[in-house]
S.K.: 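This is the structure I have questions about; it appears just below.
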Amino acid sequence: MEVVSVIATIGGYFVDPIKKHCGYLIHYNSNIKDLEIKIQKLRDKRDGVQLEIGAAERNGQVIVPEVGTWIEKVRNILDEDVEANKMSLGGWCPSYSLSRKAKKKTLEIEGLLSDAAPFVTRVSYPPPLGIGSSSIEGIMDFESRTKMRREVLEALRADKFNLIAICGMGGIGKTTMAKEVAKRAKDDKLFDEVVMVVVSQNQDLRNIQVHIAEMLGLQLVEENPLVRAERLKNRLSMDSKSVLVILDDVWDALDLEAVGIPYGGEHNRCKILLTSRSEDACTQMKTKKIFPIKVLSEEEAWNLFREMAGNCIDTLCLHPIAKEVAKECGGLPVAIVTVGRALENKSEFEWRAALQQLKNSIPKNIPGLDSKVYSSIELSYSYLKSDEAKSCFLLCCLFPEDFDIFIELLVRYGVGQRLFAKIDTVAEARNRVHAIVKNLKRSFLLLDSERGELFVKMHDVVRDVAISIAENQGFLVRCNEKMEEWPEKDSCERSTAISLVSTELKRHPDGLECPKLELLQLGSVSDTLQTLLPPNLFKGMKGLKVLTLFSISFPSLPQSINVLQNLRTLQFFGCEITDASAIGELRKLEILSFLGSKIKELPGEMRNLSYLKFLELTNCNDLERIPPNLLSSLSHLEELCMFGVHRVDWEPMEGNKEEEGANASLTELMSLSYLVALKIQIPNIKVLPKDLAFKNETIKFQIFSGDNEEIDEDNFEEYYHYLFKNNLGLASCNVSDIAESQMLLQLFKKSEILKLKEIKGLKNIVYELDKEGFQCLKVLEVGDSDDVEYVMDATSDENSRAAFPILESLKVCRLNNLKEIYHSPKRSFSSACFGNLKSLCLDECQHLKNVFSLSIARGLVQLQKLEIDDCDDMEDCFHKEGEDEKALNDKIMFPQLTSIELGSLPKLIGFCTGVGPVELVQPSLNQEVGRISTDEVTNLERHKMTDIQQHTSPFPESTPIISHKLFSSKTIFWPPNLDNLELWCADSLEAVFDLKGLKIDEDHQRIVVLAQLKTLKVNSSSKLGHVWKNVPRGIQGFQNLTSIKVSECHLLRYLFPTSIAKLLVELQSIEIYECDAIENIVQREGEEEATDIILFPRVSSLKLQMLPNIMSFCIKAYSFEWSSIKEIYLRDCPKLKTIGSEIQSPRKSKEISRELDSRPNEQELGSPGFLRRCLECVPRRKNYGLMAVSDQGITNKSQRSYSVKEEGTLSKSKDPKVSDSDNPSEIWSFFPSHIIECLKNLESIVLVDLPSSEIIFQLEELNVEESHMAPILDQLRELNLSDLPKLMHIWKKGPKRIMGFGNLRLLDVWGCYSLTYLFSPSIAKLLVMLEKIEVGHCEKIEEILARAGEEEEEKEVLFFKVNSIVLYNLPNLKCFCSETNALEWPSLEKITVVECRSLSTFIPSNLNTPKLEGVYNALSEVEIFKIHWKLKLEGEYDALSREEKRTCHWKGDLNATIEHIFKGKEKQVNHKTQQEEQIETIEEDL
């Protein structure tokens, strides 16, 4: 037993371990499976813990350390790969080891799962809150909105912008834009989180915090506002999350710190976007960039209105009414949507009623307009802080719709009605009003006017709201062009303000009682009304304070005007007044204006107006007499404005008594102690008091001396400017007379603007006129003075002060003997002189050779605009004078210079020729032979070279000349912010940009050239051979160029080298005119590596005209995709056969150069998605333009071999089998199928005088698979074809299922002598929007609509929209169509048929033409002019004008009418035609 026990005991020591280890082998599969299950559970548990961590972090809580340790352990376990362990095991039994490890890991995972039990306490978490979508579907697709969205997103990407704003009036679409930006920002992963909260006018900080916290998943339970703000700030400042916070509808500045929104400095992870109606609120919040959002364009507004109102507006009766209704909405999206939806499917009567209400500003019966639109704008009005602002706003509704409101009128109305508190002078009131107007514009209740800062506009819908508000305050506004008399008596009698503006207002009430009336505005804003004002018109208006009469002619003022004893503002604008003596009774009058009125003499009774503050006689051209002592009697006069008064014969001295016909003297003004502003135009300086001074030394003045021909409104635009600077203008006088007038010498010292014209004896402008150097002068204009040699002569040492310290603008014109602007033999120059110069303009200074030396140029850091024109001797803009200026080469910089315009400079050889390497060329070979340094070319040598170049005799082959370029590799860096460059008539320049010597990537620094240049224009430069020359590989720059226009440069053979073309990712417009040698737009350079790149992806306009040698747009390995093109205009390009490439390399993956692409990374343009779409539209099998016709059909000939000549021109190989391009077996299509599929945005095509074109649209190889059924050319609206003698097909037949051309409105075809028809039935069915068909001078046309082909189905063709047809000189036209498939013409109004001798019927069937007026037998004057322009029929124009009298024929039926017109004329016409054919034959021979 003991032995057995011992054996059992010993066996236990061995068996149990063996059993355990054998179990690893036995349970291998189950251990592995258990491990996989546990790993999945561990993953799920980890995800749950991370959700808890995220929720805790969102609430600003700190994660306990053991959780972080647990996450780290889990990560380590999950990183181990079981399969990898299988492969790594060695030895005799891998399954054993793997099973053992699996068992061990399973136990470890179970421990981790057990440890995690306390971590996860929730089974669900709320999903992230979204912002929602726009309420106005489709509006964000409009160009104005997509452009702004791109700009906003670009600003959000930029590091320098933390806070930006979208501002605009109520209902303009700010919130919609913000939501769209939020969506795009989230989709593009610009931010990890995007939150949006409405702030509104009643700011509730707690509510704002709660809404932001909810969208962030943060729970704010604290009551203390400071603690809540701190928690929110910590959440938004998390380094791991980038957040966009959108604050919508901000009315007042919001305290971001109080809310808890981090801003500025180190908080780049949190960005803020505001929407607001107030720019002031955004400015106070220190917004870095404000985007003002404007109303929709007319086209966008109509498209949105159509979408809202539905198809009902396409009916003939509603369409014109709907157009007017849409216009009344003024492009305001909320108004368009509200009105459109309200009128959807309504009757014509309801539409007309709504239109009338909108025009009368009383749309009470349009559902939603008052609650949604008017209430929104009225809220902005109510939120105005002051009653003064509200009053000014309501005054603006007194004027007609869309009127440019003169802000000065608001000033005078406000003074008259005492609207402004604590205001004593007119100038103070003016400052107050302009400040109020600026605030109203910042609140978007008023708009900027195109007429400038003196005017303001009111949106139509805002005006309607203003009138609605003003009516409750007694305003009566009627601005109706056809109104002939005043409104109802009772409405007038209740009014406090009446504005009646009409061109027909002729009848006025006599004795109307208006006891509350304070303001009356009468008349016409256009034509002068010939009317008689009743004598008792004003009798019942004793409380009237403001009276304005526009364009009214009356012999004398009504007798009842003397009852207006409370009248303070009286204005006659453009009136005709014979007797104004009654004004003398209005003793409280403060403002009196006769602006533009016809009055010959001021009444002496005006001496009674002792309280008058403002007198305006501007543009009173007929005024001849101002009685003596009248001006001096106006003891409280503050401002006198008398521009445009030329006939007053001023007395030299003040008169003591009034003599018959005597006039006032300007000496009277010296006694007026309140006078603060004087605007006056006098015949000569001799009428000015010489030794007297104004009592008020701070007086503001604008004094112009000279005849009207010398000083006029074109020279001085300040006629109607009342916030003016001290301005002195002198013309046609002698400098000696100026020196004798102490008054003038004092005025020189105070002048801010000085204009001098035809001053005799003046040589040195500065120190001869003001020895102190014009310390106050900001603008100087000098012209037409042959004696002037220097603007500033610094020869003398007597002048201690630097001249022109604050001069901003210098304009010098027609100074034929001007030698230098700044002359100093010592080459000394004060940096204070010209240091503030912003604009410099030189015109017709024939002997001026340069503008400034480099020492002066170095100080022009404020220069923004440089214009030089018609200076025959000008050689360079800036000139190096000597060795002492050599060190300045690298110090010159014009950081503010944005515009350079240089023209008619025949000797110009560079921007600055004294710096940089000089390239020498052999004139006979035009090749570079060497370079010499600047130091080796002295001024004398340079002048000699210039003289040699201008020599007319042949050059010796060994004579070198300087290669002339505007910008060299040095000077091109001087204006880094140049935006606009214009160059014309620079006949010595050979290149605009010659970059020889430019080093790229030196010291690993990226060098960008003219990165801000947007527009480039080059014209009439006879020696210009290159725009860009010697461009080094790898150059960066020019990426913002949007427009280029080149014309009359006859040595230019191409426009862009490929290295430049690849950079122009923003180019939108290309225009090339009259360049005889140009062959390609883009030319490959030297040995450049061939790559397949999409060029000019954003070009929207292409215009080429009179280019006799252009053959293609680009060369092989490069292609245009035209994805953005909207307009194509081509004229007189005889060698141009196709818009596709004549040579095309095999298709490669294309890409746009992105290194300098400044466009935002959005889906619609520039992104990989866009690029894929751009490539997808190109089918694999392509027709590149050239088609060969054989017995077997049409075959593609793009595989033919070509060679490229050294000059860059295209030529065919010597293969004798390859025929000439004129061979009739070759057919060229102008728009090949692969190009057509890319022209998705094309709107207008004009092709004129292209003799090689045979097919316009090649449709045969279009890809019409199910996945490519998008309509082709569906945005095309205008197709204009003229003088295409070889054109055989406009549309070359395509697939049956083709769709497209659905927006074509105008089809205009003239002078296409090989064309036999216009379109086939399959094409005609696509033209559902076609409105006008005009065809002329097409000899072979037999029918407009061809017969259906064998493959086409015979279905009826509807020309639903066609309203006008012109058929001219179509000798073989037999009918419009020979089949009975075009019977309905519901919109056709007019047909003109002239010289169509074979025409016998329109369509061989009865037609439905309900609106047709008849058939005209001759062209209208407009049509004659169009033909003259199109076909250049200079000799034929008179003949066209002498056609038989234009009459309209109608015989009850279109076919019968045509038969009637041409019946009996066939023989006569045939005889006439024979003569015509003989003449045409002679013309062709010539």
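All values derive from a computational prediction rather than experimental measurement.
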S.K.: Rounded to the nearest 0.5 Å, what separation is found between the CG atom of D1132 and the CD atom of Q1105?
M.R.: 6.5 Å
S.K.: Is there a side chain to side chain contact (heavy atoms under 4.5 Å, CB included) between Q1036 and L1063 once you walk through the steps?
M.R.: CA-CA 7 Å; Q1036 303 295 322; L1063 303 175; 4.2 Å; yes
S.K.: Please find the pair of heavy atoms, one from P1251 and one from C1133, that lie closest to each other, and give the distance.
M.R.: CD-O, 4.5 Å
S.K.: Output the distance between atom CG (L1064) and atom CD1 (I1070), rounded to the nearest 0.5 Å.
M.R.: 8.0 Å
S.K.: Under the 3.5 angstrom rule, does the side chain of N1109 hit a backbone N or O of D1076 as a donor-acceptor pair?
M.R.: yes
S.K.: Using 0.5 Å steps for rounding, measure from the CD1 atom of I1060 to the CD atom of Q1083.
M.R.: 14.5 Å
S.K.: Counting the benzene-type ring for Trp, do F1096 and F1113 have ring centres under 6.0 Å apart?
M.R.: no
S.K.: Among side-chain atoms of S1124 and N1241, is any donor-acceptor pair under 3.5 angstrom?
M.R.: no
S.K.: Which heavy atom in F1038 sits nearest to a heavy atom in I972, and how many Å separate them?
M.R.: CZ-CD1, 4.3 Å
S.K.: Does D876 offer a backbone N or O that forms a donor-acceptor pair with the side chain of N850 under 3.5 Å?
M.R.: no
S.K.: Evaluate the side-chain proximity of I1035 to W1028: yes if any heavy-atom separation is below 4.5 Å, no if none is.
M.R.: no
S.K.: Looking only at non-hydrogen atoms, find the nearest pair between L854 and I892 and report the distance.
M.R.: O-CD1, 3.7 Å
S.K.: Closest approach of L860 and F852, non-hydrogen atoms and distance?
M.R.: CD1-CD1, 3.8 Å
S.K.: Scan side-chain atoms only and decide if E1071 and Y1073 contain a donor-acceptor pair under the 3.5 Å cut-off.
M.R.: yes
S.K.: Just so I know, are the side chains of V1082 and Y1054 near enough to count as touching, which here means a heavy-atom distance under 4.5 Å?
M.R.: no
S.K.: Spell out, as yes or no, whether a donor-acceptor pair under 3.5 Å connects the side chain of D1283 to the backbone of V1248.
M.R.: no
S.K.: Give the minimum heavy-atom separation between L837 and S839, together with the two atoms involved.
M.R.: CD1-O, 3.7 Å
S.K.: With a 3.5 Å distance limit and no angle check, can you tell me whether S969 reaches the backbone of K996 through a side-chain donor-acceptor pair?
M.R.: yes
S.K.: Is there a donor-acceptor contact under 3.5 Å from the side chain of S1252 to the main chain of L1136?
M.R.: no
S.K.: Can a donor-acceptor pair be found, under 3.5 Å and without considering hydrogens, that links the side chain of Q864 to the backbone of K838?
M.R.: no
S.K.: Measure the CG-CG distance between L989 and L1024 for me, rounded to the nearest 0.5 Å.
M.R.: 7.0 Å
S.K.: What I'd like to find out is whether the side chain of I1072 reaches to under 4.5 Å of the side chain of I1110, using heavy atoms alone.
M.R.: no
S.K.: To the nearest 0.5 Å, what is the distance between CD1 (I900) and CD (E982)?
M.R.: 11.0 Å
S.K.: Between L908 and L983, which heavy-atom pair has the shortest distance, and what is it?
M.R.: CD2-CD1, 4.5 Å
S.K.: Table please: side-chain donor-acceptor pairs of residues 1009-1018 below 3.5 Å, with sequence neighbours left out.
M.R.:
residue	atom	partner	partner atom	Å
T1015	OG1	N980	OD1	2.4

S.K.: Please lay out, stage by stage, how C1049 and V1027 fare under the test side chain to side chain contact (heavy atoms under 4.5 Å, CB included).
M.R.: CA-CA 10 Å; C1049 298; V1027 178; over 6 Å; no
S.K.: Would you say the side chain of F967 lies within less than 4.5 Å of the side chain of P975, judging by non-hydrogen atoms?
M.R.: yes
S.K.: Could you list the residues that satisfy ring-ring contact (aromatic ring centres under 6.0 Å, His included) with F894, not counting sequence neighbours?
M.R.: F878
S.K.: For the OG atom of S988 and the NZ atom of K1023, what is their distance to the nearest 0.5 Å?
M.R.: 5.5 Å
S.K.: Does a side-chain heavy-atom distance below 4.5 Å link F1056 with L1067?
M.R.: yes
S.K.: Checking side chain to side chain contact (heavy atoms under 4.5 Å, CB included) for the pair L866/F911: CA distance, chi angles, key distance, verdict?
M.R.: CA-CA 11 Å; L866 175 64; F911 194 66; 4.1 Å; yes
S.K.: Side chains of S1112 and N1080: donor-acceptor distance under 3.5 Å anywhere?
M.R.: yes
S.K.: Look at the side chain of S1123 and the backbone N and O of P1097, then say whether any donor-acceptor pair between them is shorter than 3.5 Å.
M.R.: yes
S.K.: Can you check whether R1131 reaches V1246 side chain to side chain, under 4.5 Å on heavy atoms?
M.R.: no
S.K.: Taking the side chain as everything from C-beta on, heavy atoms only, tell me whether V812 gets closer than 4.5 Å to I821.
M.R.: no
S.K.: L1284 and I1256: side chain to side chain contact (heavy atoms under 4.5 Å, CB included), yes or no, with the steps?
M.R.: CA-CA 10 Å; L1284 310 180; I1256 303 301; 4.1 Å; yes
S.K.: For residues H847 and L818, determine if any side-chain heavy atom of one lies less than 4.5 Å from a side-chain heavy atom of the other.
M.R.: no
